[in-house]
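First comes the structure, then the notes that go with it.
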There are 2 protein chains.
Amino acid sequence: MKQLTPAEESYLKVIYHISEGGKRSVSTNDISFKMKTKPASVSDMLRRLGEKEVIEYRKYYGVNITETGKKLALQTIRKHRLWEVFLVEKLRFSWDEVHEVADELEHIRSKLLIQRLDEYLGFPKFDPHGDPIPDEFGDVRARPRVALSDLEVNTTGQIVAVKDSSAAFLRYLDKVGAYIGARIKLLEKVEFDGSVEILVDNKKTIFMSKDVAGNVLVML
Amino acid sequence: MKQLTPAEESYLKVIYHISEGGKRSVSTNDISFKMKTKPASVSDMLRRLGEKEVIEYRKYYGVNITETGKKLALQTIRKHRLWEVFLVEKLRFSWDEVHEVADELEHIRSKLLIQRLDEYLGFPKFDPHGDPIPDEFGDVRARPRVALSDLEVNTTGQIVAVKDSSAAFLRYLDKVGAYIGARIKLLEKVEFDGSVEILVDNKKTIFMSKDVAGNVLVML
DNA sequence: TAACTTTTTTAGACAAATCAAAAAATAATT
DNA sequence: AATTATTTTTTGATTTGTCTAAAAAAGTTA
């Protein structure tokens, strides 16, 4: 099985993420949007990825990732998330500063490097956004999660991840004090606009729009 | 001033290293040898580097690095050596395992990353081979050095660097116990073949061929 | 100096990754 | 169903980095 180029790895990762997001078949436009490249470039790349048999590509009907492709994508995701842990825990990067750099670091090809990095970081199971880090075989220990907006009134939980991890969103969360790991309780849900009132760490009460709450994942 | 691509950075680094090695003008063949590419590819790259004004390129007469080029090369070298320190000190890599990986890591472009890495490593001044790490302005604090083979009998010194840092050479040094930082004393010099007998850390006596001793640098 | 050797460059090709513009296929709407 | 709109692919170009084979320049030697 041939190796993937860095660009191919990036595309495959994006395809994996989109297809995990519930949709069955991933469209060219979706990929183009996430990759910030033109649809024409995507078509070209899909042909190549199809030839390497990491995706199943039927023209005009989008793509499905193969088992091989999934394995490879998870390897890249593993590397990406380990580097994120490194950047945040060791180099004091903030949540929203890690993405770009990790996108570059994830393509460094050295098995030993990743093994040692993993060990050095104490075999972390989650990245700074709370997303799980696949093991070297691509297995993920997933925890059950629910969007904060779907929580019932008076239930408690712990913030474990965010869906939207854009810089602006992460900054906003940090500002209001809703960090990963925070124990929260849903105090009230406003029917009118779907916004919520939550208690953070039994100390602070904060309000969140439905939009924001929908992007915060909670473990019960 | 335009940015350099990773490949351009690598070529420039090699050109810098060769031109520091005493020679005035760097030849296409020298570069081709170090880069493991064909002379034709080198000619092509030299044209591009010339256009970006990081080297002065006169066809058929080799190249000289410009001041701008020197600055850029030193930045790459700084990154390379910082990563080497990281790999050896934090991830327990051995001397001879760091090169390839550092050659990839050195191209990651993030100023913050390098600043923080530097800080995290405690602002090291030398890499694991004893070579000095340029500061962020490209300044190097160089120490006076001499090849072990040029040392006078009965003088003492400290091993601070190696010229040849090939995997085989580094392994050999490690094996005989001549590590970077070792305090040594030259006990005897054999006129016949130029080999030397040295005392390491006042404990162990070892022999070295002229060839090996010529590649070990000592600070008096 | 003339002939030979070595080094370097040029010319032409190719793969990867991108784009813009045009064409084709699919989807939506009247 | 026919037309319109959207999505996707194709075509042709460009840049980067590499190669082989051929040509040109420089260096060496008889």
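Everything quoted here is computed from the prediction, not taken from an experiment. Per chain, numbering begins at 1; letters A, B, ... match sequence-line order.
What separates CZ of B/Arg58 from P of D/dA24 is a distance of 21 Å, to the nearest Å. With rounding to whole Å, A/Tyr57 atom OH is found 10 Å from D/dT10 atom C1'. Taking atom CG on A/Leu49 and atom C1' on C/dA15, their separation rounds to 15 Å, with Å as the unit. Whole-Å rounding puts the A/Glu51 CD to C/dA15 C1' distance at 12 Å. In this structure, the CG atom of A/Leu46 is 15 Å from the P atom of C/dA16, given to the nearest Å. Rounded to whole angstrom, the span from the CG atom of A/Leu4 across to the P atom of C/dA17 amounts to 10 Å. Separating the NZ atom of A/Lys38 from the C1' atom of C/dA16 is a distance of 20 Å, rounded to the nearest angstrom. Rounded to an integer number of Å, the gap from CZ of B/Phe33 to P of C/dT6 is 18 Å.
Atom-to-atom distance recorded for B/Ser209:OG and B/Tyr172:OH is 6.0 Å, nearest 0.5 angstrom.
Across all non-hydrogen atoms, the minimal contact from A/Thr28 to A/Pro39 is CG2-O, 3.8 Å. Residues B/Lys210 and B/Ser149 share a closest heavy-atom pair of O-CB, 4.3 Å. Across B/Val218 and B/Gly157, no two heavy atoms sit closer than the pair CG1-CA, 3.8 Å.
Taking side-chain N and O atoms only, B/Tyr61 has no distance below 4.0 Å to OP1 or OP2 of C/dT9. Neither OP1 nor OP2 of D/dT18 sits under 4.0 Å from any side-chain N or O of B/Thr37. When the side-chain nitrogen and oxygen atoms of B/Lys59 are compared with OP1 and OP2 of C/dT10, one or more of them lie within a distance under 4.0 Å. For D/dT6, neither phosphate oxygen OP1 nor OP2 lies less than 4.0 angstrom from any side-chain nitrogen or oxygen of A/Asn29. An OP1 or OP2 oxygen of D/dT10 is reached within less than 4.0 angstrom by no side-chain nitrogen or oxygen of A/Tyr60. Contact annotation: A/Thr28 side-chain N/O to D/dT9 OP1/OP2 distance is under 4.0 Å.
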Tabulate below the donor-acceptor pairs under 3.5 Å that side-chain atoms of residues 112-121 of chain B make, not counting sequence neighbours, or state none.
unit_1   : atom_1 : unit_2   : atom_2 : d
B/Arg116 : NH1    : A/Leu91  : O      : 2.9
B/Arg116 : NH1    : A/Arg92  : O      : 2.9
B/Asp118 : OD2    : B/Arg78  : NH2    : 3.2
B/Glu119 : OE1    : A/Arg92  : NH1    : 3.2
B/Glu119 : OE2    : A/Arg92  : NH1    : 2.6
B/Tyr120 : OH     : A/Tyr120 : OH     : 2.3

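With B/Asn215 contributing its side chain and B/Asp211 its backbone, the two residues share a donor-acceptor pair below 3.5 Å. Of the possible donor and acceptor atoms, none in the side chain of B/Lys34 sits under 3.5 Å from a partner among the backbone N and O of B/Tyr11.
In this structure, B/Ser43 reaches the bases: a heavy-atom distance under 4.0 Å links it to at least one base atom across the strands shown.
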Original post:
Using Watson-Crick and G-U wobble pairs whose two distances are both under 3.5 Å, how do you write the pairing of DNA chain C as dot-bracket, with | for links to another strand?
Top reply: ||||||||||||||||||||||||||||||
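B/Glu106 pairs with exactly one of B/Arg81, B/Gln75, B/His80 by the side-chain hydrogen bond (donor to acceptor under 3.5 Å, both in side chains) rule, that one being B/His80.
Of the N and O atoms on the side chains of B/Ser195 and B/Asp193, at least one donor lies less than 3.5 Å from an acceptor on the other residue.
A centroid separation of 6.0 Å or more is found between the aromatic rings of B/His107 and A/His107.
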All N/O contacts under 3.5 Å from nucleotides 13-17 of chain D to the protein, with atom names and distances to one decimal?
unit_1 : atom_1 : unit_2 : atom_2 : d
D/dG17 : OP1    : B/Thr5 : OG1    : 2.4
D/dG17 : OP2    : B/Thr5 : OG1    : 3.2

